[in-house]
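What follows is a single structure, written as structure tokens, with notes after it.
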Amino acid sequence: MKKIFDIGMYDGADTAYYLESGYSVVSVEANVKLFDDVKRRFEPQIASGQLTCINAAISPHGESVNLTLCGQDLGASSVFSNRIAHRRPSGTVLVPGVTLNHIFEQYGVPEFLKVDIEGADRLCVLALTPDIRPRFLSFEVSDDVEELLSHVQSIGYKRFKIINQVFFRELSNQRCWSDLLVRRLIRYSGYSEPRMVRRAGRFFVCGHSSGPLPWYSDGRWRSAKDTYLRLRETKTSASRFGFWYDIYATID
């Protein structure tokens, strides 16, 4: 059974999707409240060995770290307190640390590595080498995105996508007429945004899911050069439309 690593499990939406798709999953979550909730939810899959859950934060040397809790959304809690200073922080907790290399040593290299850990994605991305690199990778677009893109390109990733995290559209398609029409109808009905969207034959919860697996994701794969150029457009779009983005990468 092929493996997927879900680094930043949140409420388990992605983990559930990966399990339902038939993959063996290793999920990592620093927030103990979220971790305990998801662990109870997936007791059968844990018992069967299909799912392994790790309560830890990715840290540089595997040391324990302080996690600042976000009062608005537990999933936005971060080891970087400045990231949530404006989102009603509700204290800090000391959580165990683990390195990505240690996880790889224990569980092998997965088919897909999904990383979304509120500003600490670089600790996972920069740990990848030509010898330990998943076939597919996703990480969040942040201020260091060009550095991370350069690194993954240097270790053999060849094609890329920039995916809107809210509607799971590739950058070029995020303003397509059908989506605009649906959003207009939803707002006409008295709601600000859709709660779920249908992609790749199933529904995904907006704001809780990372969307379809990379090989089912929207849009076409592009070169690193094209992706660098389009990242400038991404920054403009993020400011204008209030969206967040992921980089998808593949060695194929």
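The model shown is predicted, which means the values in this text are computed figures rather than measured ones.
Atom OG of Ser138 sits about 5.5 Å away from atom CG of Asp246, to the nearest 0.5 Å. Atom CD of residue Glu43 and atom CG of residue Leu51 lie 11.5 Å apart, to the nearest 0.5 angstrom. Taken from CD1 in Ile247 to CD in Glu146, the straight-line distance is 9.5 Å, to the nearest 0.5 Å. To the nearest 0.5 Å, the span separating CG on Asn101 from CD on Gln106 amounts to 12.0 Å. Here the straight-line distance linking atom CZ of Arg122 with atom OG of Ser142 works out to 9.5 Å at 0.5 Å rounding.
The minimum heavy-atom distance linking Ile46 with Cys53 is given by the pair CD1-SG, 4.0 Å. The minimum heavy-atom distance linking Leu149 with Ala224 is given by the pair CD2-O, 4.5 Å. When all heavy atoms of Met9 and Ser27 are compared, the closest pair comes out as SD-CB, 3.3 Å. Gly97 approaches Ser59 most closely through the heavy-atom pair CA-OG, 3.6 Å. Asn55 and Ala30 get closest at one heavy-atom pair: ND2-O, 3.1 Å. What you find for Leu100 and Cys124 is that their closest heavy atoms are CD2-O, 3.4 Å.
Between Ile7 and Asp116, every side-chain heavy-atom pair lies at or beyond the 4.5 Å cut-off. The closest side-chain heavy-atom distance from Asp6 to Val28 is not below 4.5 Å. For the pair Val26 and Ile54, the minimum side-chain heavy-atom distance is below 4.5 Å. In this structure the side chain of Pro60 reaches within 4.5 angstrom of the side chain of Leu123, judged on heavy atoms. Between Asn164 and Leu171, the closest side-chain pair of non-hydrogen atoms is not below 4.5 Å. Under the 4.5 Å side-chain criterion, counting only non-hydrogen atoms from C-beta, Asp252 is in contact with Arg159. Phe5 is listed as a side-chain neighbour of Ile103, based on a closest heavy-atom distance under 4.5 Å. Side-chain contact between Leu213 and Ile4 is present, with at least one heavy-atom pair separated by less than 4.5 Å.
Using modelled atom types, one finds a donor on one side chain and an acceptor on the other under 3.5 Å when comparing Lys161 with Ser217.
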For Arg202 and Glu20, what are the C-alpha separation, side-chain angles and deciding distance, and is it a side-chain contact (heavy atoms from CB on, under 4.5 Å)? CA-CA 12 Å; Arg202 61 164 290 156; Glu20 291 165 8; 3.1 Å; yes

Could you walk me through whether Leu126 and Leu128 satisfy the side-chain contact (heavy atoms from CB on, under 4.5 Å) test, starting with their C-alpha distance in whole Å, then the side-chain angles of each, then the deciding distance to 0.1 Å, before giving a yes or no? CA-CA 5 Å; Leu126 295 180; Leu128 300 176; over 6 Å; no

Could you walk me through whether Tyr245 and Gln174 pass side-chain hydrogen bond (donor to acceptor under 3.5 Å, both in side chains), step by step? CA-CA 11 Å; Tyr245 298 88; Gln174 67 177 5; 2.8 Å; yes

Worked check of side-chain contact (heavy atoms from CB on, under 4.5 Å) between Arg198 and Phe204: CA-CA 6 Å; Arg198 185 175 176 85; Phe204 294 90; over 6 Å; no

Leu94/Val65 under side-chain contact (heavy atoms from CB on, under 4.5 Å): CA gap, chis, key distance, verdict: CA-CA 6 Å; Leu94 186 67; Val65 293; 5.7 Å; no

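Listed by first then second residue, pairs satisfying ring pair (Phe, Tyr, Trp, His ring centres under 6.0 Å) with a partner in residues 48-77 number zero, not counting sequence neighbours. Contacts classified as ring pair (Phe, Tyr, Trp, His ring centres under 6.0 Å) and involving residues 139-158 (residues at least two apart or in different chains) are not found.
When hydrophobic clusters are built by joining Ile, Leu, Val, Met, Phe, Trp and Tyr residues whose side-chain heavy atoms come closer than 4.5 Å, directly or via intermediates, Val32 is not grouped with Val98. Hydrophobic cluster membership is shared by Tyr216 and Phe112, with clusters built from Ile, Leu, Val, Met, Phe, Trp and Tyr side chains linked at under 4.5 angstrom. Following chains of ILVMFWY side-chain contacts shorter than 4.5 Å, one cannot reach Leu148 starting from Leu229, and the two form parts of different hydrophobic clusters.
A distance-only check finds no donor-acceptor pair linking the side chain of Ser24 to the backbone of Lys2 [under 3.5 Å]. Counting only distance, with no hydrogens or angles, the side chain of Lys3 and the backbone of Tyr107 share a donor-acceptor pair below 3.5 Å. In this structure, Glu140 contributes its side chain and Glu118 its backbone to no donor-acceptor pair below 3.5 Å. Side chain of Asp121 to main chain of Ile117: a donor-acceptor pair is present (N/O by atom type, distance under 3.5 Å, no hydrogens or angles). Looking at Thr129, its side chain does come within 3.5 Å of a backbone N or O of Ile132 through a donor-acceptor pair. Of the possible donor and acceptor atoms, none in the side chain of Asp144 sits under 3.5 Å from a partner among the backbone N and O of Glu147. At distances below 3.5 Å, not a single donor-acceptor pair connects side-chain atoms of Asn66 with backbone N or O atoms of Thr92.
Checking Trp221, Phe136, Phe160 one by one against Tyr248, the side-chain contact (heavy atoms from CB on, under 4.5 Å) holds for a single residue, Trp221. Evaluated for a salt bridge (Lys or Arg N to Asp or Glu O under 4.0 Å) with Asp37, the options Arg40, Lys39, Arg41 yield exactly one hit, Arg40.
In this view, Arg199 and Asp179 satisfy the side-chain hydrogen bond (donor to acceptor under 3.5 Å, both in side chains) rule, not counting sequence neighbours. Arg220 is linked by a side-chain hydrogen bond (donor to acceptor under 3.5 Å, both in side chains) to nothing, counting only residues two or more places apart in sequence or in another chain. For Glu170, the side-chain hydrogen bond (donor to acceptor under 3.5 Å, both in side chains) partners are Ser172, Arg230, not counting sequence neighbours. Every residue meeting the side-chain hydrogen bond (donor to acceptor under 3.5 Å, both in side chains) condition with Ser209, not counting sequence neighbours, appears here in chain and number order: Asp14.
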